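Encoded as structure tokens, the structure appears first; notes follow it.
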Amino acid sequence: MYKVNLTSRGQQFEFNSSPDQSPLQAARNEFIPFPSGCRRGGCGMCKVKVLSGEYEQKLVRSHEALSDQDLENRYALACCMTIKSDLDLITIEDYEKYMQKDILEKTTK
């Protein structure tokens with residue numbers, strides 16, 4: 001079992017996930033809010049930024065859901081990940097809000 005820390009909808013969640021289940025599946029088992037759609041890697045609704053930890057991204061059905069550049073920047077689809085260690089994840093919506101806030105704070109100083 002690995003520990004997953006997730007920031008979603010402005011809240012912090014912690015749950016356990018085994019290597020044979022995706023973080024999305026583990027979060028849903030714990031009734032943790034997590035945006036999801038197709039659950040097959042085609043829609044990109046469960047896109048996350050991996051802040052720390054080791055994982056493998058399984059085959060993604062849609063290149064639009066996750067580009068090569070996304071993969072290089074440690075973005076992943078939570079429905080199609082294999083966990084290899086403890087993970088810190090943030091949903092893409094929360095990450096974009098965080099980045100906008102950080103940019104605004106830097107420009108107003």
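The analysis underlying the following values was restricted to heavy atoms, covering all of them including side chains, and did not include hydrogens, waters or symmetry mates. Since the model is a prediction, treat every value here as computed from it, not as a measurement.
In this structure the side chain of Phe15 reaches within 4.5 angstrom of the side chain of Ile32, judged on heavy atoms. When side chains are defined from C-beta on, Met81 does not count as touching Lys58, because their heavy atoms never get closer than 4.5 Å. The side-chain heavy atoms of Pro33 and Phe13, taken from C-beta on, include a pair separated by under 4.5 Å. Side chains of Leu87 and Glu54 form no contact here, defined as non-hydrogen atoms less than 4.5 Å apart. With a 4.5 Å cut-off on side-chain heavy atoms, Pro23 and Leu6 do not count as touching. No side-chain heavy atom of Val4 sits under 4.5 Å from any side-chain heavy atom of Glu14.
In this structure, Ser85 OG and Lys3 NZ are separated by 11.5 Å, a value rounded to the nearest 0.5 Å. A distance of 12.0 Å separates CD1 of Ile92 from NZ of Lys97, quoted to the nearest 0.5 Å. A distance of 10.0 Å separates CD in Glu30 from OG in Ser17, rounded to the nearest 0.5 Å.
Counting all heavy atoms, side chain and backbone alike, Ser22 lies closest to Cys79 at CB-O, 3.6 Å. A pairwise comparison of heavy atoms in Leu71 and Gln57 identifies CD2-CG, 3.9 Å as the closest pair. Looking at every heavy atom in both residues, Asp70 comes nearest to Ala65 through OD2-O, 4.3 Å. The shortest non-hydrogen separation linking Tyr2 to Pro19 is CE1-CG, 3.6 Å.
Looking at Asp88, its side chain never comes within 3.5 Å of a backbone N or O of Leu51 through a donor-acceptor pair. Between the side chain of Tyr95 and the main chain of Val48, no donor-acceptor pair closer than 3.5 Å is present.
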TODO: Could you go through the side-chain contact (heavy atoms from CB on, under 4.5 Å) check for Ile83 and Tyr55 one step at a time?
DONE: CA-CA 5 Å; Ile83 298 175; Tyr55 65 97; 5.7 Å; no
Residue pair Asn5, Leu89: steps toward the side-chain contact (heavy atoms from CB on, under 4.5 Å) verdict: CA-CA 6 Å; Asn5 291 306; Leu89 307 174; over 6 Å; no
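Every side chain to side chain contact (heavy atoms under 4.5 Å, CB included) that Thr7 has, sequence neighbours left out, goes to Gln12, Ile90, Asp94.
Under the 6.0 Å distance and 45° angle rule, Lys47 counts as a cation-pi partner of Tyr75.
Met1 and Leu24 sit in two unconnected hydrophobic clusters of ILVMFWY residues. Membership requires side-chain heavy atoms under 4.5 Å apart, directly or through other members.
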